[in-house]
Amino acid sequence: MVVGEMIEERDLVIIGGGPGGYTAAIRAAQLGQKVTLIEKDVLGGVCLNKGCIPSKVWAYAARKKSEIPHMESLGFDLVESGLDLGKLLAYKDQVTTQLRKGVEALCSANQVEVIQGAATFTSDNKIGVENGHQFDIYQFKKAIIATGSTPVLPGGII
Ligand SMILES: Cc1cc2nc3c(=O)[nH]c(=O)nc-3n(C[C@H](O)[C@H](O)[C@H](O)COP(=O)(O)OP(=O)(O)OC[C@H]3O[C@@H](n4cnc5c(N)ncnc54)[C@H](O)[C@@H]3O)c2cc1C
């Protein structure tokens, strides 16, 4: 692993580029802070990439499918022939990619620096960011932890 020699200084670092993190980053930048947003995966978090948006695509597809019998009763000649899951996944990817580009553009327009990597605190005013073999250290005045949550499966149920 290569450890960065320079310690970079920031007003505010935010860990996590989900809805909590990127909105905080944009607002802080608008208020004049020098902001660095650190995301270990892709911008948008669970909501954009796995949760809210994909689930709405599935719901939209299910609603459209449920309309087919009614469309036929209106005289449309439709053949219900199953679902091409690959096409549905490609459509979902198209939607999430487009929205993610919107988040990236908003960050860029507001001069929010986005760094790819997994962040860990190395002291009470320093954060280390690991990306592959690279490990860079950032000194901050303030930090926001917006790392979301992970599900817990209670034992003994399944
Ligand atoms: C199936 C599903 C459907 C949902 N539908 C809705 C809905 O319709 N409406 C609604 O309001 N909410 C919905 N939610 C909830 C919504 O997704 C969450 O409330 C929202 O994503 C929380 O945002 P967040 O920024 O707090 O965390 P997250 O979205 O989890 O983002 C946290 C980010 O931090 C990053 N991160 C974590 N640790 C580190 C680290 N050490 N270094 C760098 N980055 C790190 C993660 O990669 C992630 O991108 C849904 C959730 C699910 C699972």
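Atoms within each ligand, like the ligands themselves, are counted from 1 in listed order. No hydrogens, no waters, no symmetry mates; every other heavy atom, side chains included, goes into these values.
A donor-acceptor contact closer than 3.5 angstrom links the side chains of Ser123 and Asn125.
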Which N/O atoms of ligand 1 sit under 3.5 Å from a protein N/O, and at what distances?
{"from": "ligand 1", "atom 1": "8 (O)", "to": "Lys56", "atom 2": "NZ", "distance (Å)": "2.7"}
{"from": "ligand 1", "atom 1": "17 (O)", "to": "Cys47", "atom 2": "N", "distance (Å)": "3.4"}
{"from": "ligand 1", "atom 1": "21 (O)", "to": "Cys47", "atom 2": "N", "distance (Å)": "3.2"}
{"from": "ligand 1", "atom 1": "25 (O)", "to": "Pro19", "atom 2": "N", "distance (Å)": "3.3"}
{"from": "ligand 1", "atom 1": "25 (O)", "to": "Gly20", "atom 2": "N", "distance (Å)": "2.8"}
{"from": "ligand 1", "atom 1": "29 (O)", "to": "Val46", "atom 2": "N", "distance (Å)": "2.9"}
{"from": "ligand 1", "atom 1": "41 (N)", "to": "Ala119", "atom 2": "O", "distance (Å)": "3.1"}
{"from": "ligand 1", "atom 1": "42 (N)", "to": "Ala119", "atom 2": "N", "distance (Å)": "2.9"}
{"from": "ligand 1", "atom 1": "44 (N)", "to": "Lys40", "atom 2": "N", "distance (Å)": "3.1"}
{"from": "ligand 1", "atom 1": "47 (O)", "to": "Glu39", "atom 2": "OE2", "distance (Å)": "2.6"}
{"from": "ligand 1", "atom 1": "49 (O)", "to": "Glu39", "atom 2": "OE1", "distance (Å)": "2.7"}
{"from": "ligand 1", "atom 1": "49 (O)", "to": "Glu39", "atom 2": "OE2", "distance (Å)": "3.0"}

Contacts under 3.5 angstrom, residues 85-94 side chains, donor-acceptor by atom type, not counting sequence neighbours:
none

Please list, one pair per line, the donor and acceptor atoms closer than 3.5 Å that link side chains of residues 58-69 to other protein atoms, with sequence neighbours excluded.
{"from": "Lys65", "atom 1": "NZ", "to": "Glu80", "atom 2": "OE2", "distance (Å)": "2.2"}
{"from": "Ser66", "atom 1": "OG", "to": "Arg63", "atom 2": "O", "distance (Å)": "2.7"}

For residues 139-150, run the donor-acceptor check on the side chains, cut-off 3.5 Å, and write out each pair with its distance to 0.1 Å, sequence neighbours left out.
{"from": "Lys141", "atom 1": "NZ", "to": "Asp11", "atom 2": "OD1", "distance (Å)": "3.2"}

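Side chain of Glu130 to backbone of Gly117: no donor-acceptor contact under 3.5 angstrom is found.
Annotation for Leu43 and Cys107: closest pair CD1-SG, 4.3 Å, computed over non-hydrogen atoms.
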